[in-house]
Each structure stands twice: as structure tokens, then as C-alpha cells.
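Small disclaimer: the values here were computed from a predicted structure and weren't measured.
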Amino acid sequence: MERTLISEIGSLEGIVTVLGWAQEIRILKNIAFLIVRDVTGQCQVTIKGKIDGVDIPSITRESVIQVKGKIVKNSQSKSGPEILATEITVLNNSLSPLPLAPFDPVNADIETRLNNRFLDLRKREHLAIFRIKSSLMFGIREFLHSQHFIEVQTPKIVSSATEGGADLFQVQYFDQKVYLNQSPQLYKEILISSGFDRVFEVGPAFRAEKHNTVIHLNEFTSVDIEMGFSNHEDAMAMLEGAVKSAIATMQKDNPQDLSVLNVKIEKYERQFPRITFNECLTLLEKEGVMHSANVDFSPEDLRIIGSNFDGFYFITKWPSSLRPFYTMPDETDPGITNSFDLQFKDKEVTSGAQRVHDPELLRKRFAAKELNPVDFDFYLKAFEFGMPPHAGWGLGLERLTMILLGLKNIRECTIFPRDRTRLKP
RNA sequence: GCCCCGAUAGUGUAGCGGUCCAUCAUACGGGCCUGUCGAGCCCGUGACAUGGGUUCAAAUCCCGUUCGGGGCGCCA
């Protein structure tokens, strides 16, 4: 279709054709104005006198229209560049009233917004969130490719739990009961045995936890890596590189989106600080919080710990009891592990570790976690025929987006979120 | 799984036993206005989730149901 993007109008002159949504319609006695929006911005369409074939007052808000007209130089418009219309065509009418008016002064509840997500996403701020999320992912991908990672796809329909204990969604698979995968963990490790050396996967992860919070979803995007001939230190360095690349890409490609959201993010050039699990306990004690060594931190604990850091930091050396069976124990102290979480203030963004590569040790760990090795036969087999030492991590893409943009609810950066109650749209 | 809380016009809200055939804003319809831009001014349309109970009287109090929100636990 013949089309001029609204962002290009400022540098053009003469006749253009703009395609977009009629965001506002203001009719005065002898003149009318439309604010028309497309993905690149908004402009003002001015209508003087009659235009053949179109009844301006009958145009409803959010209808899709085509406007041909002359660019007005030295415009007084405060709503972007101005076009004096010569032809207007309604390409598709919008019903009225709108179930949610994204451009009204009143803000709708997130519930109403999600019920009418297609309309909600017409807001510039919401578009900005998803452009940024896209850039963050691009930055991570670019970095991992530069480090010779192979992007892979592993099954989401699986026969057994990845880590045991966690709640999985059961689905009917012909005449069998199977599950939606909570993590690509077992498969990416198997690929290390296959000699792929470095793999990553971006895909959905499903958790059947009945949680009801602003930082959890039942389906989220997991960015997972696994690297052979590596330990937790290597994995942490890779994570730091990936996160910094994500931020740098966003800063380079999305300055306007960041400004629409009023978000200022510093360049993360310095090293992410580190604190061990035990040091966290000491820190909590100083604040008068007694914390047991085999209990995970509560949100309140993490607020206290996080208040000691500006942004990103690692919590390392987690106790074995709090980590999955595949986590490598420390060489000198088997009670703790070669593991880490990447935190941003009070929120966990990534969890990672060096993994167990010795099948004998793996069997012992199954026993310690009361898991049945038979359920993991296909996984264990890959360890019996030459499995390199390896390490990796899993990062929640929505969590990363949320914390960097300071969003209050993870649903804000999920196009169609799946939570405990929401299955539509 | 546990614990709190909520449901009033398209949207967002006020009201929390009679003064409510329900407030205000916004949207919508109509009118006025020679350039507006959160346009303005006037008029109008439009709602108490659902079932039961208490009471002379229920949007308001009690119980159930449905739908939803938040926190904890678990985790990305």
C-alpha cells in the first residue's frame, strides 16, 4: 500500500498518504482535527471545509483510516506534524463505545486492560515495553552468538519432571499422561554430552504453582544456556556478559522508548558484586533477622540484602539442600554448592551453577533428593558415555525486562500473560 | 496450600442502613464555538456481580455462590 510513516513526515514536503488509527477527533464549527497514530508516532490531520465521500463526525475513535494530504510547513500543531487533508477513507470502522479507552485520561485496571489487551497495547508506553524486551533479547542473542553458542530447541512435552517436586501441568498425549516442561535443563545438559560445547535456548517454561503474585507467571520465557568444559565461574562471566549486552543494546536502540517510559538506566560497566549465601546470613543477623541456613530467603530478607547493592549482584555458594540434584557440590565443603543467583535489588533474575557430571555422584544426589533414577534414565545415560564438566544458567526474560524498567507487575511485560486464573485472551 | 481484601454506568470512582428511582470525572449522543491540541461551555443517555437472610426500610449489615485482586510459601 502507498504509505508514509508518520515519523518520516517531518523531513518531507508535499503530498503524503498516512495510514493509521484515528486517536482523537475534534470538531469545531468551521474546522476539524484528527490525531492519527501509527507505529512510528502521531500526527495532526486538519480538515477545512468538506471532503468528498466522508462524514467527519461519523468517524469513531480508533477507526483505521487513510489520509491523503499536504504537509503543512511551520505548523502550530502540538500533536506532531500536520497534514491538510484532501482525501480521507475509513478503511475499517471501530465500534463505540470502546471497551477500554487507551487514550482516555482515566486509567483502567490491569484486569480490564488484559481483557482488552489488543486495545491496551495501542498505548505508546506499552509498545515501548515490548520493543525494549525485543532489544534485550536481541542483545543476549548477539552476545551468545559471539561466544559461539548454538541456539537449540528442545521438547516442551516431556514424560517426567525436570527437578522433581515442582508442580507440572499434566496433559493428555494420545493415551498417555505427560507434562509440560518446567525447564530445558535435562536436555541442554544432554547436548553437552553430544559435544555441542555451548548451547542456548529461548522458550516457554511452564510452572503449575498456584502462586498469586506480581512477579510470577505460569508460563514465562526462559533463556537457558549450558556450556561444556566450564565451571560456575565461567557461567557467571557469561551471564554478566549477556546481561550487559542486553542493556547496551537497549540503550543503543531504544532511547525513545526509554524516555516514553521515563526510565533512566546506567551503563553497567563495572563488575557485578558478589556475596555468598553465608555472608547474607551475617548481613541479616546485623539487621536483627535470624535466618536458618537451610531455608531460602523470603521477600523481606531479599529486600534487606538487596538494599546493600545498587542493582545487579550475585549470591553465591548456596547450600545443597536448597539446590536441585544436578548442582555440583563444593570440592571442600559438600554442604554447599558451586551455584549462584543473579539478583537485581530484591528480585531474582537468574539461577545457575556448575553441574554434576559424574554419574555416580548424580545417583547419590538422586537418592539425597528422594528422586527415582528410573524417571531420569534417558538423562543418566548421557552421563555414562563421556560427559564433560559443565555449567549453565536460566534467566527469566520477563523478570529481566520488569526489573530494568521498574515495572510493578510482570504481566506488564507479557503480551498475553498466563496466571492462575487467566487463560484468555 | 495458607492468610487478607474487593465487585456501583463503556472506563475509573463516591456513597457503607432511610436524606440514593445513587456522586463525580471521563467516554458517548445533541447543541454552541473560524485552529483545536488534557479544547471549552450547555443539555442529555448510561450502573449497585449473583442467590438467600436480617430490617418498617439494604448499594450499604449477615451467609452462600461466582468472578477477581494482593501477600506468604515455591520459584525465573
Side-chain angles (χ1 to χ4, degrees), chain A residues 23-36 42-49 57-58 60-62 72 75-82 84 94-116 119-120 162-168 182-185 202-224 239 295-302 318 322-324 341-344 347-352 393-403 408-411 413-414 419-422:
Chain A
Q23 183 172 308
E24 277 182 61
I25 299 145
R26 272 194 283 275
I27 298 169
L28 286 80
K29 194 175 188 184
N30 296 317
I31 193 165
F33 302 96
L34 304 180
I35 294 174
V36 177
Q42 58 177 49
C43 68
Q44 174 174 282
V45 173
T46 303
I47 298 126
K48 284 182 175 165
S58 74
T60 50
R61 287 201 300 170
E62 294 300 311
V72 178
S75 166
Q76 309 249 327
S77 163
K78 294 171 190 166
S79 311
E82 182 176 359
L84 187 61
S94 168
L95 292 178
S96 178
L98 297 161
L100 159 83
F103 300 95
D104 272 8
V106 287
N107 289 320
D109 288 341
I110 191 152
E111 196 59 19
T112 309
R113 291 175 40 211
L114 292 175
N115 284 339
N116 299 281
L119 275 174
D120 183 49
T162 306
E163 307 181 10
D167 291 317
L168 298 171
Q182 56 165 204
S183 151
Q185 184 62 31
V202 182
F206 303 94
R207 303 279 163 91
E209 299 278 350
K210 288 183 176 173
H211 35 46
N212 210 241
T213 80
V214 291
I215 56 167
H216 292 95
L217 293 169
N218 294 295
E219 176 178 357
F220 65 96
T221 309
S222 179
V223 181
D224 269 87
L239 176 56
V295 177
D296 203 349
F297 298 119
S298 71
E300 181 54 29
D301 297 335
L302 289 174
W318 290 70
L322 296 179
R323 289 298 196 175
D341 275 7
L342 180 66
Q343 301 277 137
F344 185 91
K347 297 208 172 54
E348 180 185 347
V349 183
T350 313
S351 205
W393 43 257
L395 174 148
L397 181 60
E398 285 80 16
R399 282 274 177 90
L400 180 68
T401 309
M402 178 183 186
I403 53 125
K408 298 269 189 304
N409 192 323
I410 196 163
R411 292 163 183 81
C413 56
T414 309
D419 61 28
R420 187 174 175 175
T421 56
R422 181 171 292 280

Closest to the A/Glu111 side chain, choosing from B/C28, B/C37, B/G68: B/G68
Parallel, tilted or perpendicular: rings of A/His211 and A/His216 (30°, 60°): parallel
A/Phe33 ring over B/G35 six-membered base ring, under 5.5 Å and 30°: no
Per A/His216 side chain, nearest of listed nucleotides B/C75, B/U34, B/U36: B/C75
Sugar-phosphate, base or nothing in reach of A/Gln23, heavy atoms under 4.0 Å: nothing
Sugar-phosphate, base or nothing in reach of A/Lys48, heavy atoms under 4.0 Å: base
A/Leu28 side chain, from C-beta outward: closest of B/A76, B/G73, B/U36: B/U36
Phosphate contact (B/A39 OP1 or OP2) by A/Arg26 side-chain N/O below 4.0 Å: yes
Whole-Å gap separating P (B/G69) and NZ (A/Lys408): 19 Å
Out of B/G35, B/G73, B/A76, whichever nucleotide has its closest atom nearest the side chain of A/Glu348: B/A76
Beyond-backbone contact of A/Asp104 with A/Arg61, side-chain heavy atoms, under 4.5 angstrom: yes
Sugar-phosphate only, base, or nothing, as touched by A/Glu24 at under 4.0 Å among non-hydrogen atoms: sugar-phosphate
Sugar-phosphate, base or nothing in reach of A/Val223, heavy atoms under 4.0 Å: nothing
Closest non-hydrogen atom pair between A/Ile410 and A/Ile215, with its separation: CD1-O, 3.7 Å
Length of the CD-P vector between A/Gln343 and B/A76, whole Å: 11 Å
Sugar-phosphate only, base, or nothing, as touched by A/Asp341 at under 4.0 Å among non-hydrogen atoms: nothing
Residue A/Asn409, side-chain atoms from C-beta onward, closest of B/G70, B/U36, B/G73: B/G70
Sugar-phosphate, base or nothing in reach of A/Ile35, heavy atoms under 4.0 Å: nothing
Minimum-distance nucleotide (side-chain atoms of A/Lys78 versus B/C37, B/C74, B/G69): B/C37
Sugar-phosphate, base or nothing in reach of A/Thr421, heavy atoms under 4.0 Å: sugar-phosphate
Donor-acceptor pair between A/Glu82 and A/Thr46 side chains, under 3.5 angstrom: yes
Complementary nucleotide of B/A57, counting Watson-Crick and G-U pairs under 3.5 Å: none
Interatomic distance where CH2 belongs to A/Trp318 and C1' belongs to B/C74 [whole Å]: 12 Å
Donor on one side chain, acceptor on other, A/Gln42 and A/Ser79, under 3.5 Å: no
A/Leu400 CG - B/A76 P separation (whole Å): 15 Å
Touch class at under 4.0 angstrom, heavy-atom based, for A/Thr221 against every strand present: nothing
B/C41: pairing nucleotide in any strand, Watson-Crick or G-U under 3.5 angstrom: B/G31
Quiz item: A/Gln44 side-chain donor-acceptor pair to B/U36 base, under 3.5 Å: yes
Between A/Arg422 and A/Asn218, a side-chain donor and acceptor under 3.5 Å: no
For B/G6, the Watson-Crick or wobble partner whose two distances fall under 3.5 Å: B/C67
Main-chain N/O of A/Gln182 paired with A/Arg207 side-chain donor or acceptor, under 3.5 Å: yes
Any side-chain donor near an acceptor of the partner, A/Asn115 and A/Thr112, under 3.5 Å: no
Contact nearer the 5' end of RNA chain B, comparing A/Ile27 with A/Gly394: A/Ile27
Trace of the side chain to side chain contact (heavy atoms under 4.5 Å, CB included) decision for A/Leu400 with A/Phe344: CA-CA 9 Å; A/Leu400 180 68; A/Phe344 185 91; over 6 Å; no
Nucleotide opposite B/C21 in a Watson-Crick or G-U pair, distances under 3.5 Å: none
Footprint string (nucleotides 1-15 of chain B, 5' to 3'): B base within contact, S backbone only, - free, heavy atoms under 4.0 Å: B--------BBSS--
